[in-house]
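To start, the structure under review is shown below, and the notes come after it.
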Amino acid sequence: MDYVLTCNDLDKRYGNFYALCRLSMHVPKGAIYGLIGKNGSGKTTLMRLICGLSHPTAGSYTLYGITSDDKNICRSRKRTGAIVETPAVYLNMSATENLEQQYRILGLPSFDTLEEILELTGLSDVGKKKVRHFSLGMRQRLGIAIALCSSPDFLILDEPINGLDPQGIIEIRELILKLNREQQVTFLISSHILDELSKISTHYGFIDRGHMVKEISAKELKNLCRKCIRVTVADTKPLCLLLDRLGLDYHILSGTEADIYLSSPSHTDAFPRPSAAGISITSLVMELSKGHCEVLSLREHNESLENYYMNLIGKGKIEN
Ligand code: ATP
């Protein structure tokens with residue numbers, strides 16, 4: 001596979017504290033890579049390293065195949081845009097003036113692509129309005145617009161939807177998808193808003209206490225997130241007895257609600273539940289009826305990314 005970024009046993013140490021510990025990561029070309037981790041897990045530290053804002057204590061990374069200690073790494077960085085922590089914008093300037101300023105900083109000969117970038121980021125109709133009067137979502141989009149001035153192939157966004165309202169979140173999500181699909185931009189995006197990342201990510205990296213706990217593609221994750229049947233019954237006590245007798249795996253949600261898993265977790269699964277025999281929905285319904293379990297409702301339900309994450313991180317499972 002063609003990787004834009006690989007990290008190889010990266011350490012970042014502050015005194016005796018390891019903010020990153022033997023961290024390895026692989027961002028495929030064309031991916032939207034969601035970096036997921038709790039506060040303080042090391043996401044920003046990692047992004048700062050990749051952007052060259054700080055240096056690893058040990059280990060290395062490659063950007064477009066060039067290693068971090070190669071002097072040509074600057075060339076790879078030119079293909080990379082980033083917003084780490086908050087977007088760096090001039091509050092007393094308009095969107096256009098901010099972009100013009102960025103073109104000057106980059107030493108670009110003309111403002112040819114300016115209108116196109118404003119259009120792409122949904123800022124073409126903001127006129128002379130100063131950035132200080134922009135909403136948080138508009139500022140975030142301007143940050144991305146500024147990052148796009150150098151026509152990057154790879155964009156690194158640290159918590160791009162943090163603090164945004166639902167409309168702002170949708171706008172940023174659509175912008176990311178558009179840039180990925182229409183301009184083939186590869187993304188590395190950090191967030192702790194898991195469900196939001198699950199709407200766009202093609203790959204995930206789960207980071208915890210500076211360790212890469214697991215890397216997984218969205219496709220693999222979808223297969224791992226086991227399908228289950230969410231049932232509402234009059235009483236879960238007889239249901240439990242029946243499910244135990246059938247050897248089925250389940251999770252009780254309340255006195256009247258439960259998730260019943262129809263298949264066993266695979267060996268690579270992070271779910272720590274006991275294995276269960278497979279069963280079809282039809283057979284389950286028949287067994288419930290035979291067992292005199294009064295079913296009030298029944299629907300298919302997928303294990304969410306959040307549950308997957310909690311099982312993975314909650315167990316403190318760390319692959320070295
Ligand atoms: P958040 O989601 O809150 O932004 P994060 O995952 O981005 O968190 P980092 O900011 O990378 O986490 O911090 C990782 C750990 O490294 C934290 O415990 C932080 O306190 C520590 N850390 C970061 N920078 C420094 C520094 N310059 N000196 C000492 N410790 C630091």
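In each ligand, atom 1 is the first atom listed, and ligand 1 is the first ligand listed. Numbers here simply count residues along the sequence, with the first being 1. Computed over heavy atoms, backbone and side chain alike; hydrogens, waters and symmetry mates excluded.
Side-chain polar atoms of T44 and D158 form a donor-acceptor pair below 3.5 angstrom. Side chains of E220 and S217: a donor-acceptor N/O pair is present below 3.5 angstrom, by distance only.
Between Y64 and F154, the angle of the ring planes goes over 60°, which puts this pair in the perpendicular group of the 30/60° scheme.
Heavy atoms only, all atoms of each residue included: S198 and Y204 are closest at CA-OH, 3.1 Å.
Side-chain atoms of T232 never come within 3.5 Å of backbone atoms of E257 as a donor-acceptor pair (strictly under, hydrogens ignored).
Applying the side-chain hydrogen bond (donor to acceptor under 3.5 Å, both in side chains) rule to pairs touching residues 126-148 yields R141-E171, sequence neighbours excluded.
For ligand 1, the protein residues placed under 4.0 Å by at least one non-hydrogen atom are Y14, F17, A19, K38, N39, G40, S41, G42, K43, T44, T45, E159.
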